[in-house]
There are 2 protein chains.
Amino acid sequence: MINKFSLEEILKNKGYKLTQQRKVIIDVLGNSNGPHTANEIYSLVNDKNSGINFSTIYRNLELLVRLGIVRKLNLSNGYNHFELTGEKHHHHVICNKCGEVKEIDICPFMDMDERDKLEEIDFQPTEHKFEIYGLCSRCRNKE
Amino acid sequence: MINKFSLEEILKNKGYKLTQQRKVIIDVLGNSNGPHTANEIYSLVNDKNSGINFSTIYRNLELLVRLGIVRKLNLSNGYNHFELTGEKHHHHVICNKCGEVKEIDICPFMDMDERDKLEEIDFQPTEHKFEIYGLCSRCRNKE
DNA sequence: ATGATATTGCAAATAACTTGCAAAGACATA
DNA sequence: TATGTCTTTGCAAGTTATTTGCAATATCAT
Ligand SMILES: [Mn+2]
Ligand SMILES: [Mn+2]
Ligand SMILES: [Zn+2]
Ligand SMILES: [Zn+2]
């Protein structure tokens, strides 16, 4: 979980300012269990705060992604989701019915065999994505 | 590679018709090495054929995805890509610079440990995504 | 060849996201 | 605390991938 101090430090280091809007966006993401769409973040932000504009949300999410504070997930349901990067590398399972997203700490990329394969094709990896889609327990039990 | 007969069969089985447009779209995908965006498919299709409309491309890609003939990839570069499902299960490496997409036959999901984890959280998987992003050999050598 | 039904092309509508610009805010400095 | 510089915001308009309604057309079983 990112705290006020490290956030302020990271921003100022690069000449960015710690605005109210940025604080609220980070706060909302920090108090969330899973990742959220820009729409959801907009709602959450405007619940606890005065009106922050959509373009401000988007611009800041993009900035925070560039700074490594936020991760952007292109989920197959068609919506981009955002979450705090956090300290531990992880991936997600996504319910096709209700859209719920759960974290899993499995990472297939740490497997040695796979890295070898990449050297074969001379590909230099920077990031990777692993997602499992299906039905969560609640949705499965509903008929 | 899907042939004329199985395609016709699959379509007619469900009351769909084998139109010229569908033949050309499948043909283009079949003659491609990697997955393509709707835009690319539109160009490829209209090279070898008279004008097929964009909405026809989209409607048919969606249908073919529903029928399991085509797979839709939501790549992190922001563009949806489409490819024939093919016979062998596989995943992709994507170059962040030039956008090239290569197939890899590694599948991390076949790993037993991972499936066990899913049972723990009571999640019934239907499909999964594994993609590696980075720099291809050509782009890495260019400065 | 005919008729029922699915499909196409076209143009307009969505919806997510981006951008230009003037007004407002942050913050280093005095 | 007041000032000035530079960043950021809100707003409105623009962009772009994708979807949709509908009348005209193609497919296919008979
Ligand atoms: Mn997460
Ligand atoms: Mn492929
Ligand atoms: Zn990983
Ligand atoms: Zn797999």
Of the listed nucleotides (dA17(D), dA16(C), dT9(D)), which one gets closest to any side-chain atom of Tyr79(B)?
dA17(D)
For the pair Tyr133(A) (side chain) and Ser76(A) (backbone), establish whether a donor and an acceptor sit closer than 3.5 Å, ignoring hydrogens and angles.
yes
Please work out if Gln21(A) contacts a base, only the sugar-phosphate, or nothing of the nucleic acid, heavy-atom cut-off 4.0 Å.
sugar-phosphate
Whole angstrom is fine here: how far is it from OH in Tyr42(B) over to C1' in dT18(D)?
15 Å
Does OP1 or OP2 of dA17(D) have a side-chain N or O of Asn80(B) closer than 4.0 Å?
no
Return no unless some side-chain N or O of Asn60(B) is found under 4.0 Å from OP1 or OP2 of dT7(C).
no
Closer than 3.5 angstrom, by distance alone: can the side chain of Ser32(A) be matched with the main-chain N or O of Val28(A) as a donor-acceptor pair?
yes
What's the CG-P distance between Asn77(B) and dT16(D), to the nearest Å?
16 Å
Neighbour count above 12 (heavy atom, 6.0 Å) for Tyr79(A) OH:
no
How long is the span from the CZ atom in Phe109(B) to the CD atom in Glu131(A), to the nearest 0.5 Å?
13.0 Å
How many Å lie between NE2 on His81(B) and C1' on dT18(D), as a whole number?
16 Å
Indicate whether OP1 or OP2 belonging to dT8(D) is found under 4.0 Å from a side-chain N or O atom of Gln20(A).
no
Give the nucleotide from the list dT18(C), dA17(D), dT8(C) with an atom nearest to the side chain of Tyr58(B).
dA17(D)
Do His128(A) and His91(B) have ring centroids that are under 6.0 Å from one another?
no
Nearest-angstrom distance from the residue atom CG of Asn13(A) to P of dA28(C)
12 Å
Between Glu40(B) (CD) and dT16(D) (C1'), how many Å, whole number?
16 Å
Taking atom NZ of Lys14(B) as the centre, report whether more than 12 heavy atoms of other residues, nucleotides or ligands fall under 6.0 Å from it.
no
Let me know the distance between CG of Leu61(A) and P of dA16(C), rounded to the nearest Å.
15 Å
Asn53(A) CG to dG20(C) P: how many Å, rounded?
16 Å
CG on Asn60(A) to CD1 on Ile26(A), rounded to 0.5 Å:
8.5 Å
If you look at every strand shown and take non-hydrogen atoms under 4.0 Å, does Gly78(B) touch a base, only sugar-phosphate, or nothing?
nothing
Among dG9(C), dT18(D), dC21(C), the nucleotide that comes nearest once only the side chain of Arg59(A) is considered
dC21(C)
Measure all distances between protein nitrogen or oxygen atoms and nitrogen or oxygen atoms of nucleotides 28-30 of chain D, and list the pairs falling under 3.5 Å.
residue: dC28(D); atom: OP1; partner: Leu18(B); partner atom: N; Å: 3.1

5'-most by nearest nucleotide on DNA chain D - Ser55(A) or Lys72(B):
Ser55(A)
Rounded interatomic separation in angstrom, taking CD1 from Ile57(B) and P from dT7(C):
16 Å
